[in-house]
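Written out below as structure tokens is the structure these notes cover.
Each chain gets a letter, A, B and so on, in the order the sequences are listed, and its residues count up from 1. What you see below is based on every heavy atom in this structure, not just the backbone, and it leaves out hydrogens, waters and symmetry mates.
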2 protein chains.
Amino acid sequence: METTGTPRRVTLTPAARRILGAAARLFYERGIHAVGVDLIAAEAGVTKKTLYDRFGSKEQIVVEYLADRDERWRAVLARHLEAAGPEPAARVLAVFDASRAWSAEHGAKGCGMVNAHAEISDPSHPAHAVITGQKQWMLTLFTGLLGDDAGDVAGRIAPEEAGRLGRILMLLHEGALVAHGLRVFADPFVQAREEARTLLAAAGGAAAAR
Amino acid sequence: METTGTPRRVTLTPAARRILGAAARLFYERGIHAVGVDLIAAEAGVTKKTLYDRFGSKEQIVVEYLADRDERWRAVLARHLEAAGPEPAARVLAVFDASRAWSAEHGAKGCGMVNAHAEISDPSHPAHAVITGQKQWMLTLFTGLLGDDAGDVAGRIAPEEAGRLGRILMLLHEGALVAHGLRVFADPFVQAREEARTLLAAAGGAAAAR
DNA sequence: AGGTTGGTAAACAGATCGGTATACCTGTGC
DNA sequence: GCACAGGTATACCGATCTGTTTACCAACCT
């Protein structure tokens, strides 16, 4: 599973790192349009000139923010997947565990990609590809965990069934992100994980019986 | 099922109606912060003075936009529920049908409430209550359709099970809204509806067997 | 010794933001 | 006959927006 994209268009000097850190926090908490570059510079303890020397434009900071957030999420996810072992069911459940841990620390307002998408109308905006890219990647992850990437392990299921089940898992996962961000009810990731477990047990049972 | 809230803080003169219509379209398509009052007034064919005479502030237009969108969604939903008849399972599936129809016409960018929430950081903002109110109402709807509101019809299930299943349906529904808005895959409402049907069949079967 | 890199400090530019003010017009109800 | 509600048209306000400019400084690499 390669970590595609993110060729890092910007050299991350110490100041640039502080800018990106401040921007990430502010963009996520208050929204992209609501945060000005002056505020980002002030919070990073940096002058506006430095900010524009490093990033060139606010738009570029937005792209870098999203790409960086995606990268950090995938790193957290990779750790959970590694700890889960080779069984498809365990690996799928590990995704929900990873999301629960991630959201507890960085997800008080739900999915940063979905939130950014709400503020970006232009589909040709470079951030748009980062956003939809992550969602596509997550869908491929779910279906891949159940099908192709499962290898010859017990619990692997047929491709068409992996596609269908992967999409359902995707819906549960996205729903949990929203429910968490809007505090619809407590512990949505646990709820989603439990449902995923039931689904996998049925599918795995059927696969084992086949 | 009462349509609570929305006491309409504003007298809807013809001009005000055009303002609200233009604001609704622009806010949803481009985001709230990205749209200025000058643009709203211009699109509505109205002067800024009229706009401020009717609504008093942009914030008020935002609140009215969300409350109105919520109201119109509930009207569409009510029609679908009415056509579905008294059986809980049919009524739950009707929610997904309603969302599919609604999203095909007004949902190209996903859930307007979730998108607005992404732009509003202040929890004391009057729009915040409208947003979380709708989500809570939807959760109550799902659990109610399966439990209390089901009356003495066949297919009614135990309260704790209605709560659990209602939350799962909520996750599927929110996930489908996101998947639709970000075009993660085709026809997410159909996918969610199919899964809901499977879940309801299992729960209803268990209830019937009890 | 000297150029390059990564900074600070601070002023500035042009546009746009939400919101207000003044003057004038028109239909309706009493 | 006349006030009033609901408008148009237009100019204006201070604040904030993204982005630029000029001047100076310290560290590092050759």
Checking B/Glu64 against B/Gln60: is there a side-chain donor and acceptor pair closer than 3.5 Å?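 Present: a donor and an acceptor within the cut-off.
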Lys/Arg-Asp/Glu bridge criterion (N-O < 4.0 Å) met for A/Arg74, A/Glu71: no
Is any side-chain heavy atom of [X] less than 4.5 Å from a side-chain heavy atom of [Y]?
X: B/Val10; Y: B/Leu20; result: no
X: B/Leu172; Y: B/Leu199; result: yes
X: B/Leu177; Y: A/Glu174; result: no
X: B/Val95; Y: B/Leu145; result: yes

Backbone N/O of B/Asp97 and side chain of B/Arg193: donor-acceptor pair under 3.5 Å: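 No, the answer is negative, given that no donor and acceptor are paired below the 3.5 Å cut-off.
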Check whether any side-chain N or O of A/Arg30 sits under 3.5 Å from a backbone N or O of B/Ser121 as a donor-acceptor pair, and report yes or no. no
What parts of [range] reach DNA chain D, counting only heavy atoms under 4.0 Å away?
range: residues 53-60 of chain B; value: B/Arg54
range: residues 35-43 of chain A; value: A/Val35, A/Gly36, A/Val37, A/Asp38
range: residues 12-30 of chain A; value: none

How would you list, by chain and number, every residue that makes a salt bridge (Lys or Arg N to Asp or Glu O under 4.0 Å) with B/Glu59, sequence neighbours excluded?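 Once residues adjacent in sequence are excluded, B/Glu59 has no partner under the salt bridge (Lys or Arg N to Asp or Glu O under 4.0 Å) criterion.
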For B/Glu119, enumerate each residue passing the salt bridge (Lys or Arg N to Asp or Glu O under 4.0 Å) test, keeping only those at least two apart in sequence or located in another chain.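 Partners of B/Glu119 under the salt bridge (Lys or Arg N to Asp or Glu O under 4.0 Å) test: none.
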Whole-Å distance separating the [atom1] atom of [X] from the [atom2] atom of [N]:
X: B/Lys49; N: C/dC24; atom1: NZ; atom2: C1'; result: 11 Å
X: A/Tyr52; N: C/dA10; atom1: OH; atom2: C1'; result: 16 Å
X: B/Leu51; N: C/dC17; atom1: CG; atom2: C1'; result: 14 Å

In terms of the angle between their ring planes, are [X] and [Y] parallel, tilted or perpendicular, with boundaries placed at 30° and 60°?
X: B/Tyr65; Y: B/Phe27; value: tilted
X: A/Phe96; Y: A/Phe142; value: tilted
X: B/Trp73; Y: B/Trp102; value: perpendicular

Outermost DNA chain D nucleotides near chain B [under 4.0 Å, heavy atoms]: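 Both ends considered, the range comes out as D/dG6 to D/dA9.
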